[in-house]
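Worksheet: one structure, shown below.
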Amino acid sequence: KWTSDGLVVILSWIDDNLIVGCKEAVEKTKAELMSRFDCEDCGELDEYIGNRITAVDGGKALKFVQPVLIQKMSDEFDLPDGQVSTPAKPGNVLLKCDEGSMMNGRMMTYFRSGVGMLIHLMQWSRPEISHSVRDCARHMQSAGVVHVDAMHRIMQYCRDTPNRGTTLRPNAVWDGSRDFLFVIGGRSDSDYAKDPETRKSVSGIRVSLNEAPCIWRSSTQKNVTISVTEAEANAAV
């Protein structure tokens, strides 16, 4: 909402409310909410929805990391020893497994739980694992040992790089006016005919606001393309 002190943004996630704006506007909005509802003031923003949020570059940027979730994966999953430098083996594509090599119900639950954690990690702080997590998520109904190994490798990579995360570092500072011009940008790419079974390509996109990433996604294209050019065009749509 617009106030006499400027714009105030309230981000609500179930019962966790994040209030953003200038200090005066935030304090007034917080007082209004606390007069109407039974609220707890958690103070300055340093954690939200499992993310540890740290101001860097003298407060000009925010870094998001999820060390608690990464530690949980290390504790609850049987991860191999050693280090890996990439979340997946280069050029690796996970294929469907036949009925004879499918895992039992308990192991399928294990696999789905792990992929679910990785999806949460990917969406909030680790965009570089999006492609690998997408490949695992395609096999939530019929996974085999090779798929569990691929999931373990992503977790192993995250475990070995716990301090990596998304940094929001815009190239301009909003002056608080309605006339300020924000710059929306983006990039797209495709991996042509990545799936050898369906011949579908994979799209990768990133959208930025004043060069700070705000949306990223890796997804299998809905249609089969017949050239690299067409796959690239699909990714840009």
Trp174 and Leu7: side-chain contact (heavy atoms from CB on, under 4.5 Å), yes or no, with the steps? CA-CA 11 Å; Trp174 181 40; Leu7 179 67; 3.6 Å; yes
Can you tell me how far apart CG (Asp57) and CG (Leu62) are? Round to the nearest 0.5 Å. 10.0 Å
First locate atom CD of Glu128, then atom OG of Ser130, and finally report the distance between them rounded to the nearest 0.5 Å. 8.0 Å
Which heavy atom of Ile184 sits nearest a heavy atom of Val207, and at what distance? CG2-CG1, 4.2 Å
Is it the case that more than 12 heavy atoms not belonging to Glu40 sit under 6.0 Å from its CD atom? no
Give the C-alpha distance, both sets of side-chain angles, the deciding distance and a yes or no for side chain to side chain donor-acceptor pair (under 3.5 Å) between Ser201 and Thr225. CA-CA 7 Å; Ser201 304; Thr225 54; 3.2 Å; yes
Counting only heavy atoms from other residues, nucleotides and ligands, does the tally under 6.0 Å from CZ of Arg159 exceed 12? yes
Determine, stepwise, if the pair Arg126 / Thr166 fulfils side chain to side chain donor-acceptor pair (under 3.5 Å). CA-CA 6 Å; Arg126 301 296 292 264; Thr166 300; over 6 Å; no
If you define the side chain from C-beta out and look only at heavy atoms, does anything of Ile53 sit under 4.5 Å from Asp46? no
Would you find a donor on one side and an acceptor on the other, under 3.5 Å apart, between the side chain of Tyr48 and the backbone of Asp16? yes
Heavy-atom closest pair, residues His139 and Met108: O-CE, 4.5 Å
Checking Gln71 against Asp75 for the side chain to side chain donor-acceptor pair (under 3.5 Å) test, could you report, in this order, the C-alpha distance in whole Å, the side-chain angles of both residues, the deciding distance, and whether it holds? CA-CA 6 Å; Gln71 185 61 51; Asp75 294 340; 2.9 Å; yes
Close side-chain approach of Leu11 and Asn17, heavy atoms under 4.5 Å: no
Distance in Å, Ile19 CD1 paired with Glu27 CD, rounded so as to fall on 0.5 Å steps: 9.0 Å
For the atom pair CG (Asn223) and OG1 (Thr198), what is the distance rounded to the nearest 0.5 Å? 11.0 Å
Is Arg178 close enough and on-axis enough to Trp2, meaning under 6.0 Å and within 45°, for cation-pi? yes
Grouping I, L, V, M, F, W and Y whenever their side-chain heavy atoms are under 4.5 Å apart, do Leu168 and Ile49 come out in a common cluster? yes
Look at the side chain of Lys63 and the backbone N and O of Arg52, then say whether any donor-acceptor pair between them is shorter than 3.5 Å. no
Can you name the nearest heavy-atom pair linking Trp216 to Ser125, along with the distance? CZ2-N, 4.5 Å
Looking just at side-chain N and O atoms, do Tyr157 and Gln83 make a donor-acceptor pair shorter than 3.5 Å? no
Among the clusters formed by ILVMFWY side chains lying less than 4.5 Å apart, do Phe180 and Leu209 turn up in the same one? yes
Tightest non-hydrogen contact, residues Pro196 and Arg199, listed as O-CD, 4.1 Å
Ring centers of Trp124, Trp13 separated by less than 6.0 Å: yes
Quick one: CG on Asn92 to OG on Ser132, what's the gap to the nearest 0.5 Å? 8.5 Å
Common cluster, Ile119/Ile14, ILVMFWY with side-chain heavy-atom separation under 4.5 Å: no
Are the side chain of Gln156 and the backbone N or O of Val84 linked by a donor-acceptor pair below 3.5 Å? no
Between Ser219 and Val202, is any pair of side-chain heavy atoms under 4.5 Å apart? no
Just by modelled atom types, is the Ala61 backbone N or O under 3.5 Å from a matching donor or acceptor in the Arg169 side chain? no
Would Asn51 and Glu47 count as having a side-chain donor-acceptor pair, cut-off 3.5 Å? no
Could you list the donor-acceptor pairs under 3.5 angstrom formed by side chains in residues 147-155, with sequence neighbours left out?
residue, atom, partner, partner atom, Å
His147, ND1, Gly144, N, 2.8
His147, NE2, Leu95, O, 2.8
His152, NE2, Tyr110, OH, 2.8
Arg153, NE, Thr86, O, 3.2
Arg153, NH2, Thr86, OG1, 2.9

Consider only side-chain N and O atoms of Ser177 and Asp179, and report whether a donor and an acceptor are under 3.5 Å apart. no
Evaluate the criterion salt bridge (Lys or Arg N to Asp or Glu O under 4.0 Å) for residue pair Asp191 and Lys194; output intermediate values, then yes/no. CA-CA 6 Å; Asp191 201 342; Lys194 182 69 174 180; 3.4 Å; yes
Quick one: NE2 on His120 to CE on Met73, what's the gap to the nearest 0.5 Å? 11.5 Å
With side chains defined as the heavy atoms from C-beta onward, is the minimum distance between Met117 and Leu69 less than 4.5 Å? yes
Would the distance check show the side chain of Thr3 and the main-chain N or O of Gly6 forming a donor-acceptor pair, the cut-off being under 3.5 Å? yes
Can you give the donor-acceptor pairs under 3.5 Å from side chains of residues 227-237 to other protein atoms, not counting sequence neighbours?
residue, atom, partner, partner atom, Å
Ser227, OG, Glu230, N, 3.1
Glu230, OE1, Ile226, N, 3.1
Asn234, ND2, Gln221, OE1, 3.3

Can Asp98 and Ser101 be said to form a side chain to side chain donor-acceptor pair (under 3.5 Å), step by step? CA-CA 6 Å; Asp98 53 47; Ser101 58; 3.0 Å; yes
Heavy-atom count check: over 12 atoms from other residues, nucleotides or ligands less than 6.0 Å from Phe182 CZ? yes
Is it possible for you to say whether Ile70 and Phe77 belong to one hydrophobic cluster, with membership spreading through side-chain heavy-atom contacts below 4.5 Å? yes
Under 4.5 Å between side-chain heavy atoms, counting indirect links through other Ile/Leu/Val/Met/Phe/Trp/Tyr residues: same cluster for Met107 and Leu79 or not? yes
Quick check: closest heavy atoms across Pro87 and Ile129, and the distance to 0.1 Å? CB-CG2, 4.1 Å
Paired with Asp195, the side chain to side chain donor-acceptor pair (under 3.5 Å) test is passed by just one of Lys96, Lys200, Arg138, namely Arg138
